[in-house]
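Numbers restart at 1 for each chain; the letters A, B, ... are given by sequence-line order, proteins then strands.
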2 protein chains.
Amino acid sequence: MDLRRFRYFVVCAEELHFTRAARRIGIAQPPLSQQIQLLEKEVGTRLFHRLTRGVELTPAGEAFLTDARNVLDMAERAMTSARQIGRGERGSIKIGFTSSASFNPFVPGTISRFRAENPDVEVVLDENTTRVSLQNLRNGKLDIAFLRPAPGEVHDLRVQHLFHEEMRIALPASHPLANETRLKLSMLATDPFVLYPRTNGQALYDAIVAGCQNAGFSPRIVQEAPQMASTVSLVAAGVGVTLVPESMCQLQSSGVVYREIVGAKPTAALSLVQRERPPSVLTGKFSDLCRKLAIG
Amino acid sequence: MDLRRFRYFVVCAEELHFTRAARRIGIAQPPLSQQIQLLEKEVGTRLFHRLTRGVELTPAGEAFLTDARNVLDMAERAMTSARQIGRGERGSIKIGFTSSASFNPFVPGTISRFRAENPDVEVVLDENTTRVSLQNLRNGKLDIAFLRPAPGEVHDLRVQHLFHEEMRIALPASHPLANETRLKLSMLATDPFVLYPRTNGQALYDAIVAGCQNAGFSPRIVQEAPQMASTVSLVAAGVGVTLVPESMCQLQSSGVVYREIVGAKPTAALSLVQRERPPSVLTGKFSDLCRKLAIG
DNA sequence: TCTTTTCGATAGGTTTATCATATGGATTTG
DNA sequence: CAAATCCATATGATAAACCTATCGAAAAGA
């Protein structure tokens, strides 16, 4: 069952003349006759009637001709398809990000630029917590992700640092300090804090807590929300205050105001994270694009 | 582009372990590694990531796996299908017959027996004049046919004689001789005859005319009908008389009576006709069945 | 930490399969 | 009747696939 014989057969069926077919294939007539005989032996039936002037297809040969053409065609497409995927011209990439990352314009910007440059690539997006995203990177459910990981939790992954963002204070509009344009962190010492569970993303959580402690107090956390975006909603509702990366200020709401921090400010790093092991072509393309856009 | 490599690849993709895959295929590991490398070179991209413990599929490899399976499957089915057609287990046969032949129970009997014995064979039936049927046999539109040909018009075809049938006289029920059970042919000397055009089937036509001439007269043909079955309708309508093969007496009609001929009777031969050159398996099967049923 | 095991890649020699040249046999054409 | 056509066969050459032996890297076990 050799595709070469399939190809030889198709040419013979098209020419109905072994000598001419051999010329077209680029071999001599005897080996062609031989290959057809071997094919017939393998199939178990004659595919050609040998006439005194050329040959003609048997009924079995007729049927085999259409099938053989299909097989050759499909084999050709299988190779082409794999080649395209191998070159990153086609395929699929799964990109993860945390809710806080999605507010940095760089993230949606890079993704839409990638989509434009690779129209035949399926881009699957997945917003999730840092913890779950890291897990999905490790088990292959994600190819690459925009996260704010702590150094310790990504030792087995490839991390590409993108930005350091200053953090800002998010206050309820009704807060006594809401009219101040610039606040010192220590002014929040007695305020109730809204934060997300530490397990959902320890790096940012720890940066906030450490920042407070540098300012001389431990934040009093009165309420947890699953993600940073939802903590802002709780701030807007007057439940408490919180700290958010600068880019989160895009999330404007009538009940919340963002204020710059005077003095030592905690920062939030935004990184691109991917598996170390098999650097898929599309993952490579995407991270190259990120690097290019982050620099430029 | 060799199917062997496709098969090797699929086994490797299933095992994700070259050494184990090689064992399953029945070759040593080095040539298998080599064949995979050649395949990857041909496709133009890596299909496996080589890990320290076994291998894993690249995205291109994933896609190629499903395609390769399809190609192998389709190639297998192409061979099986051709084999079945070659053995006559599947396929198509086109059987022709003249209207007069179709009234001989042997013809429909043989066809339905053949259908029962070969349920996967498509049987295409075609009723036509002898002349057209012979033409269709020669140009391949028919595989085999039940006809009453003249010896001269089938020199290039294979003819298998089946039966000699006596001919009978078909009279209008209103005919003066309709009450006689047995008639001599000469008694029709002055009767008007209904016949079909000689070009539609000279053998039977000539047998009728010759029979009359042996009985001492030339039939006076007053009306032609395209086929023998339609001449009987004209007889029933009282237009004239005619001679028909014995088996046509099955075509009973209130206006027509059939009478045996006393003395020298013309006969009609029923034959199975097929092309000489490429004896297709199904044609052979069908003619074998005819021979068996004709003898038994 | 060092040894052992595992597993794919490489190297060199052997077998098998494919191809080329020369020729035969059957039929058709000039 | 000779020449040409066209597929089949025979035999020797070349290329491919395969085998055994071995390497090198990483992981598992001591």
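Remark: A:Phe48 pairs with A:Phe9, A:Phe18 by the ring pair (Phe, Tyr, Trp, His ring centres under 6.0 Å) rule, at least two apart or across chains. A:Arg5 pairs by the salt bridge (charged side-chain N to carboxylate O under 4.0 Å, His left out) definition with A:Glu42, not counting sequence neighbours. In this structure, A:Asp120 has no salt bridge (charged side-chain N to carboxylate O under 4.0 Å, His left out) partners at least two apart in sequence or on a different chain. In this view, A:Arg7 satisfies the salt bridge (charged side-chain N to carboxylate O under 4.0 Å, His left out) rule with no residue, not counting sequence neighbours. Listed by chain and residue number, A:Glu117 satisfy the salt bridge (charged side-chain N to carboxylate O under 4.0 Å, His left out) test with A:Arg113 (two or more places apart in sequence, or in another chain). With sequence neighbours excluded, the residues forming a side-chain hydrogen bond (donor to acceptor under 3.5 Å, both in side chains) with A:Arg90 are A:Ser81, listed by chain and number. Taking the ring pair (Phe, Tyr, Trp, His ring centres under 6.0 Å) definition, one finds that A:His161 meets it with A:His164, sequence neighbours left out.
Taking atom CZ of A:Phe18 as the reference point, atom C1' of D:dT9 lies 14 Å away to the nearest angstrom. Nucleotide C:dC7 holds its C1' atom 11 Å from the CZ atom of B:Arg23, rounded to whole Å. Rounded to an integer number of Å, the gap from CZ of B:Phe48 to P of C:dC7 is 15 Å. The distance between atom NE2 of B:His17 and atom P of C:dT6, rounded to the nearest whole Å, is 10 Å. The distance from atom CD1 of B:Ile25 to atom C1' of D:dA17 is 13 Å, rounded to the nearest whole Å. Counting to the nearest Å, the C1' atom of D:dC7 and the CG atom of A:Leu47 are 16 Å from each other. Taking atom CD of residue B:Glu15 and atom P of nucleotide C:dG8, one finds them 11 Å apart after rounding to whole Å. A straight line from CD1 of A:Ile27 to P of D:dA8 spans 13 Å, rounded to a whole angstrom.
The salt bridge (Lys or Arg N to Asp or Glu O under 4.0 Å) contacts involving residues 197-207 of chain B comprise B:Arg198-B:Asp206, where partners must be two or more places apart or lie in separate chains. The side chain to side chain donor-acceptor pair (under 3.5 Å) analysis of residues 21-30 of chain B, with sequence neighbours excluded, yields the pairs B:Glu14-B:Arg24, B:Glu15-B:Arg24, B:Gln29-B:Ser33.
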query: Can you give one letter per nucleotide of nucleotides 21-30 of chain C, going 5' to 3': B for a protein heavy atom under 4.0 Å from the base, S for sugar-phosphate only, - for none?
result: BB----SS--
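Of the residues in residues 5-14 of chain B, those with a non-hydrogen atom less than 4.0 angstrom from any atom of DNA chain D are B:Arg5, B:Tyr8. Less than 4.0 Å separates DNA chain C from at least one heavy atom of each of the following residues of residues 33-42 of chain A: A:Gln34, A:Gln35.
OP1 or OP2 of D:dC7 sits under 4.0 Å from a side-chain N or O of A:Thr19. The side chain of A:Arg50 contributes an N or O atom lying less than 4.0 Å from OP1 or OP2 of D:dA8. Residue B:Arg4 has a polar side-chain atom (N or O) positioned under 4.0 Å from OP1 or OP2 of D:dC18.
Residues B:Phe286 and B:Thr110 have side chains in contact (heavy-atom distance under 4.5 Å, counting atoms from C-beta outward).
There is a side-chain donor-acceptor pair under 3.5 Å between A:Arg148 and A:Ser100.
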